[in-house]
Protein chains: 2
Amino acid sequence: MYTRSDPKETQAGSSAGSRLRDEIENEILTGRLAPGTRLDEVPLAARFGVSRTPIREALMQLSAAGLIDIRPRRGAVVAEIGPERLVEMFAVMAELEAMAGRLAARRHAEADRAALLAALDACRAAAASGDTDAYYYENEKFHHAIYAASYNGFLIEQCNALHRRLKPYRRLQLRVGNRLATSLAEHEAVVEAILAHDGGAAAEALRGHIAIQGERFGDLVASLAGARAGAA
Amino acid sequence: MYTRSDPKETQAGSSAGSRLRDEIENEILTGRLAPGTRLDEVPLAARFGVSRTPIREALMQLSAAGLIDIRPRRGAVVAEIGPERLVEMFAVMAELEAMAGRLAARRHAEADRAALLAALDACRAAAASGDTDAYYYENEKFHHAIYAASYNGFLIEQCNALHRRLKPYRRLQLRVGNRLATSLAEHEAVVEAILAHDGGAAAEALRGHIAIQGERFGDLVASLAGARAGAA
DNA sequence: GACAAGAGTTATGTATACAAGATCGGATCC
DNA sequence: GGATCCGATCTTGTATACATAACTCTTGTC
């Protein structure tokens, strides 16, 4: 089963470079480094006890991943993603996940079936306990299980990359209204469609599950504004 | 109208770094640097008259773009993409283009309408003249016109990136059989669907246009084998 | 004669030194 | 009083030097 540890396409890490990259990336994804924050090389180098060279390397990789912006001669800042662009990204994510679901419906094996059901159960448990963070975590595993069942390695990589990039915003979304219960219900529909080998239904269910449409756009903007105010 | 010159997401270029990156990238995309070729830093540095530092930077960017593989401590080689992976990539490309077409059908403006028709005419002219290279070039512009009309900036970037990566292989494909005439006919259908605001038809037409299915898979493998033999 | 172990060589990873553009502050002019 | 121009400082971009892991060729042994 494919997981995020797949070396291909995500690699390109020198010795210390990867560690630094992961380290900084984590701080961005968890929000410890807020969008707009400057990333000066010298302080980072000092903090990690290395020279500027591996820091520059890590920053360039993060830039390639879209997590930071590097403007020539003007340094790096944590990427600021506006609402409109976020909607665009979720739209593409929805399409990719729909594709994964369609393929999964056609290609999934016994092991995938088991993994999907297990992930769904874990989601149910987390939702029942009302623990948003736990649900967030299980939700992630659930989606990865779908990607894996698509048996398209390149698609899996693309989904993983985009999913990671949208991570913080998915978390925000879950906090809104009773999105948690809704999300779980959608998961059930997705699994049902996949296990029934109904690719069209799986794709549709996932598209609807991911896409930001109608009032959810407003929710997202509100969340963003709230998060920004909290960070500042 | 969006073109490939959009700085966002593709950028992260220092002063000389971008130039080097483009330079090496071109040699890979045109096949001058065949898959599997080692990319040693010192010779490259000597050739471009710079030190190893900007060369390493360019290589890391190419690695992030998936054009080369960097194995820690073991140097960089031009990425070798096997047939199965290529099929996976074309499948994702088909899906992204289908999405672009669906959005374009719903969102295109007057200017996009004109651009699409102009690009289609150019394709017709190139096909009539039987000039494969000219058609290849116009074909590219045609697809970019579709991306642009989707009005989803993130999708446009993703399409551009993947399109560029698949460039050499699309070229190979055109050489096969009378794919050129078939391709033109498919283009006509796509434009018709988009202009008629029929998103579903546009998506389907593009999916079929891009995807590698049935005998086209065999054609691709044969082309690859031929190209490899020619390069060696 | 073939295989394995070890030293020498080569190439990559990292640190540091140097060059040059960008930012910020102050002084001058309108 | 405000804006603009110029210089000092800081930060990035590039070059070079050094450390270390990988490769290779040789040599010795079975």
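Note that these values count all heavy atoms, side chains included, but never hydrogens, waters or copies made by symmetry. Order of the sequence lines sets the chain letters (A, B, ...), proteins ahead of strands, with each chain counted from 1.
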List the atom pairs, with distances to 0.1 Å, where a side-chain N or O of residues 89-103 of chain A and a protein N or O form a donor-acceptor pair under 3.5 Å, not counting sequence neighbours.
| from | atom 1 | to | atom 2 | distance (Å) |
| --- | --- | --- | --- | --- |
| A/Glu95 | OE1 | A/Arg207 | NH1 | 2.8 |
| A/Glu95 | OE1 | B/Arg102 | NH2 | 2.8 |
| A/Glu95 | OE2 | A/Arg207 | NH1 | 2.6 |
| A/Glu95 | OE2 | B/Arg102 | NH2 | 2.9 |
| A/Glu97 | OE1 | A/His143 | ND1 | 2.7 |
| A/Glu97 | OE2 | A/Tyr147 | OH | 2.5 |
| A/Glu97 | OE2 | A/Arg170 | NH2 | 3.0 |
| A/Arg102 | NH2 | B/Glu95 | OE1 | 2.8 |
| A/Arg102 | NH2 | B/Glu95 | OE2 | 2.9 |

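- If you take CD1 of A/Ile55 and P of D/dG13, they are 14 Å apart, rounded to a whole angstrom.
- Taking the side-chain contact (heavy atoms from CB on, under 4.5 Å) definition, one finds that B/Ala222 meets it with nothing, sequence neighbours left out.
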Just by protein heavy atoms under 4.0 Å, how would nucleotides 15-23 of chain D read 5' to 3' in B, S and -?
BBB--BSSS
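- Rounding to whole angstrom units, CG of residue B/Asp40 and C1' of C/dT9 are separated by 14 Å.
- Spacing between atom CZ of B/Arg56 and atom P of D/dG13 amounts to 16 Å, rounded to whole angstrom units.
- Between B/Glu57 atom CD and D/dT12 atom C1' there is a gap of 11 Å when expressed in whole angstrom units.
- Between B/His187 and B/Tyr135, the angle of the ring planes stays under 30°, which puts this pair in the parallel group of the 30/60° scheme.
- Rounded to whole angstrom, the span from the CZ atom of B/Arg19 across to the C1' atom of D/dT14 amounts to 13 Å.
- Note: CG (B/Leu44) to P (D/dT14) measures 16 Å, nearest angstrom.
- The salt bridge (charged side-chain N to carboxylate O under 4.0 Å, His left out) test applied to B/Asp40 returns B/Arg38, not counting sequence neighbours.
- Protein atom CG of A/Leu20 is 8 Å distant from nucleotide atom P of C/dT14, rounded to whole Å.
- Taking atom CG on A/Leu39 and atom P on D/dT12, their separation rounds to 10 Å, with Å as the unit.
- For A/Arg107, the salt bridge (charged side-chain N to carboxylate O under 4.0 Å, His left out) test picks out no residue, with sequence neighbours left out.
- A search for salt bridge (charged side-chain N to carboxylate O under 4.0 Å, His left out) contacts involving A/Glu27 returns A/Arg32, A/Arg47, not counting sequence neighbours.
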